[in-house]
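Single-structure report; data block below.
In what follows, chains are A, B, ... by sequence order, proteins preceding strands, each numbered from 1.
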There are 2 protein chains.
Amino acid sequence: MTFASPNHHPVDPAKLEKLAEVAVKVGLQLQKNQDLVITAPVVSMPLVRLITREAYKAGAGLVTTFYSDEETTLARYEYGHDGSFDRASNWLYEGMAKAYANNAARLAISGDNPMLLSGQEPAKVARANRANSAAYKPALEKISNFDINWNIVSYPNPSWAKLVFPDDPEAIAVAKLAKAIFAASRVDVPDPIGAWAEHNANLHKRSTWMNGQRFAALHFQGPGTDVKIGLADGHEWHGGASVAKNGVTCNPNIPTEEVFTTPHALRVEGYVSSTKPLSHQGTLIDNIRVRFEGGRIVEAKASRGEEVLNKVLDTDEGARRLGEVALVPHSSPISASGILFYNTLFDENASCHIALGQCYSKCFIDGATLSQEQIKAQGGNSSLIHIDWMIGSDKVDIDGIKLDGSRMPVMRGGEWA
Amino acid sequence: MTFASPNHHPVDPAKLEKLAEVAVKVGLQLQKNQDLVITAPVVSMPLVRLITREAYKAGAGLVTTFYSDEETTLARYEYGHDGSFDRASNWLYEGMAKAYANNAARLAISGDNPMLLSGQEPAKVARANRANSAAYKPALEKISNFDINWNIVSYPNPSWAKLVFPDDPEAIAVAKLAKAIFAASRVDVPDPIGAWAEHNANLHKRSTWMNGQRFAALHFQGPGTDVKIGLADGHEWHGGASVAKNGVTCNPNIPTEEVFTTPHALRVEGYVSSTKPLSHQGTLIDNIRVRFEGGRIVEAKASRGEEVLNKVLDTDEGARRLGEVALVPHSSPISASGILFYNTLFDENASCHIALGQCYSKCFIDGATLSQEQIKAQGGNSSLIHIDWMIGSDKVDIDGIKLDGSRMPVMRGGEWA
């Protein structure tokens with residue numbers, strides 16, 4: 001077995017093995033006889049092979065991997081005829097949805113070039129994304145409804161590494177990104193499984209504290225930001241490991257540093273500025289500034305990618321309202337690394353953030369038993385999209401506001417108060 | 001774009017491009033707006049990328065590739081628990097069947113290590129194969145019924161190359177196998193598309209001549225072989241390009257040198273010896289000797305892989321009867337190369353061969369209009385398997401026998417008479 005990536009960049013094989021072990025044992029808690037569906041960029045093959053091995057060691061039924069390839073994605077934009085951009089692999093996603101309905105676990109490896117499609121015609125990108133999102137819906141619903149245990153981990157794809165470390169030669173960039181991924185994923189310690197148990201306990205402590213406060217709203221104040229984000233009625237804070245509807249406790253995101261809940265779709269007032277650029281499906285959107293009235297974004301600007309941002313906001317009515325608010329201390333290990341990853345899985349865990357679009361039903365008390373109507377009545381937003389963007393920094397203060405109007409400091413200068 | 005395989009073996013990029021062009025334009029004749037599903041070993045990624053590019057140039061709707069990986073196949077055997085060996089990706093194959101039902105074309109890249117599973121427990125291999133075959137059935141039926149245009153081409157996988165050229169270092173073995181694949185696939189000439197048009201015309205001339213003779217049986221005689229193979233009533237010979245039920249003319253196999261038809265399931269008498277080893281799903285079966293009575297194999301021996309051969313024959317009743325007989329001159333370019341490929345796509349096109357199991361409905365006059373019952377009544381065999389094995393050599397003579405008992409030489413010393 002070779003541990004080199006297809007482009008022969010050295011990635012520490014021992015740490016990669018630990019990442020595979022953490023993905024299977026902590027991320028998925030894969031059950032005996034449970035099938036596993038992996039989606040991954042083809043350059044991440046060395047990690048896929050190790051995860052497959054770990055999965056079979058853990059008693060997996062069958063492991064099936066679907067690889068994507070940046071080269072063939074680009075070939076479609078370069079050579080594809082116009083009609084191609086409204087097509088999607090419905091048969092594949094419907095199949096995946098069926099696998100999840102039969103209790104297959106799902107593991108995604110993240111690591112695509114965040115700028116892959118930045119040179120392509122935005123209208124074609126938007127059409128292809130729309131067709132793909134619509135086709136993917138049956139599979140995504142099983143994941144966002146948390147029907148099964150699922151996990152995302154990352155692999156240092158060279159094209160991603162070169163964006164994060166543009167001044168380094170590719171091999172050095174890959175090595176640096178690998179090191180950052182291993183650190184953020186807590187596999188650079190002697191006992192990663194133990195470290196994750198401790199980390200999950202800390203995140204649970206934070207979410208339990210937040211749940212005890214029963215805040216009605218959070219007030220964010222910082223440079224370019226002054227917004228009151230109302231929380232949904234009966235909202236519940238979550239963080240760290242969580243129980244899927246199939247009964248399996250898993251860590252969907254590796255890394256994770258956030259505690260998060262559902263805001264009220266109609267109760268957001270004020271203005272917010274992003275503190276990190278957002279990479280959205282291959283396009284970079286930077287310096288986002290939006291204004292909310294009655295929970296709805298009524299004005300949106302960006303110094304870069306404004307056209308794409310406004311297309312995103314026009315997806316549906318729910319795309320202009322919030323589906324998530326998340327708290328991450330500025331001193332989180334990912335933030336402390338000082339690295340801008342251009343990858344939401346990392347950047348959202350380096351900063352407080354909000355998400356446009358669909359809310360998580362699990363972020364309600366007894367969420368699994370609530371109907372769509374009940375969730376909506378309690379303030380839960382619904383949309384085809386769920387896009388996180390970063391609004392935290394060491395200059396942001398957050399107050400919790402209770403129903404009686406009393407205030408309590410939650411974060412000061414980006415740290416838990 | 002890199003043309004190097006993940007293991008950095010140099011494969012002539014210009015020839016690989018021509019192979020991709022031939023696969024799309026001759027093999028598939030991919031239609032504008034037609035989707036394409038590719039299945040391929042992950043080491044053949046350089047060819048997949050070129051084929052994807054050609055497909056989009058030809059106006060493809062969407063190209064979707066499903067990669068397999070020998071390393072993860074082996075990981076299952078090394079680490080998988082017992083229950084894993086009865087599992088298959090039903091959701092994936094059902095999805096593919098759906099894609100074919102929606103007129104997606106299918107391209108398979110062949111090149112897996114023919115001995116991949118030779119060190120594994122035969123019972124586990126058999127269970128995994130059985131589960132996979134059953135799951136694959138809905139997709140395979142669309143292909144074997146010729147509902148859509150489909151094609152197989154090959155890529156010089158290093159593990160395959162090392163088996164074919166065991167005495168060479170890996171890089172040399174890959175280069176030699178690549179050269180042999182390019183020659184057999186007729187892409188080492190200045191005008192491959194023209195060469196295929198001429199080759200298809202020659203194969204059509206042969207099959208037209210055979211159809212004009214209306215032989216009732218073929219009599220094969222050679223060392224270890226003396227068998228009369230009755231032909232199905234209303235059989236039709238085919239060779240070269242052929243029209244799929246979706247109306248597209250395609251070349252399913254690249255290379256192809258055979259003209260072939262359906263034998264009569266009940267009318268085979270005598271004994272046959274194989275002239276080349278057969279690689280069947282990762283196991284090698286050599287020196288096959290079988291005896292037919294009333295079309296049925298009543299005795300089967302092999303110097304290697306006899307246990308696997310007998311398991312295969314026990315698959316179902318049709319597995320002991322013939323579904324295909326094919327004529328290939330001993331002087332075919334593949335045979336002339338003197339290379340034993342351990343890969344049916346090549347070895348069957350270097351030698352006359354027969355196939356155990358399922359017949360092709362297209363090898364009947366008006367085959368597309370015949371019911372399963374009619375096909376059976378005319379002598380067509382049915383089975384879950386279709387396994388070709390080689391019985392031709394320069395020492396084999398073939399006579400055609402007409403209904404009135406008169407004989408005509410068809411081949412002498414392995415060549416057309």
Shortest non-hydrogen separation from A:Ala60 to B:Ser84 and the atoms involved: O-CB, 3.9 Å

Structural part of A:Val37 lying under 4.5 Å from a heavy atom of chain B: side chain

Option that, when pairs with chain A are counted at under 4.5 Å, heavy atom only, ranks first among B:Gly61, B:Gly80, B:Ala55: B:Gly61

pair B:Arg76-A:Val63: side-chain heavy atoms closer than 4.5 Å: no

A:Lys98 NZ: over 12 foreign heavy atoms closer than 6.0 Å: no

B:Ser89 backbone acceptor or donor facing A:Thr64 side chain under 3.5 Å: no

Most contacts with chain B, counted as non-hydrogen pairs under 4.5 angstrom, among A:Asp35, A:Thr65, A:Leu92, A:Asp86: A:Asp35

Whether over 12 other heavy atoms sit under 6.0 Å from B:Lys137 NZ: no

Interatomic distance, B:His81 atom NE2 to A:Lys32 atom NZ [nearest 0.5 angstrom]: 5.5 Å

Approximate separation, where rounding is to 0.5 Å, of B:Trp91 CH2 and A:Trp91 CH2: 8.0 Å

A:Thr52 and B:Glu71, any side-chain heavy atoms less than 4.5 Å apart: no

A:Thr72 side chain vs B:Arg49 backbone, donor-acceptor pair below 3.5 Å: no

Part of A:Ala99 within contact of chain B (heavy atom distance under 4.5 Å): both

Gap separating the CD atom of B:Glu78 from the OH atom of A:Tyr56, nearest 0.5 angstrom: 12.5 Å

Contacting moiety of A:Asn33, where chain B heavy atoms sit under 4.5 Å: both

Exceeds 12 heavy-atom contacts within 6.0 angstrom, atom NZ of A:Lys162: yes

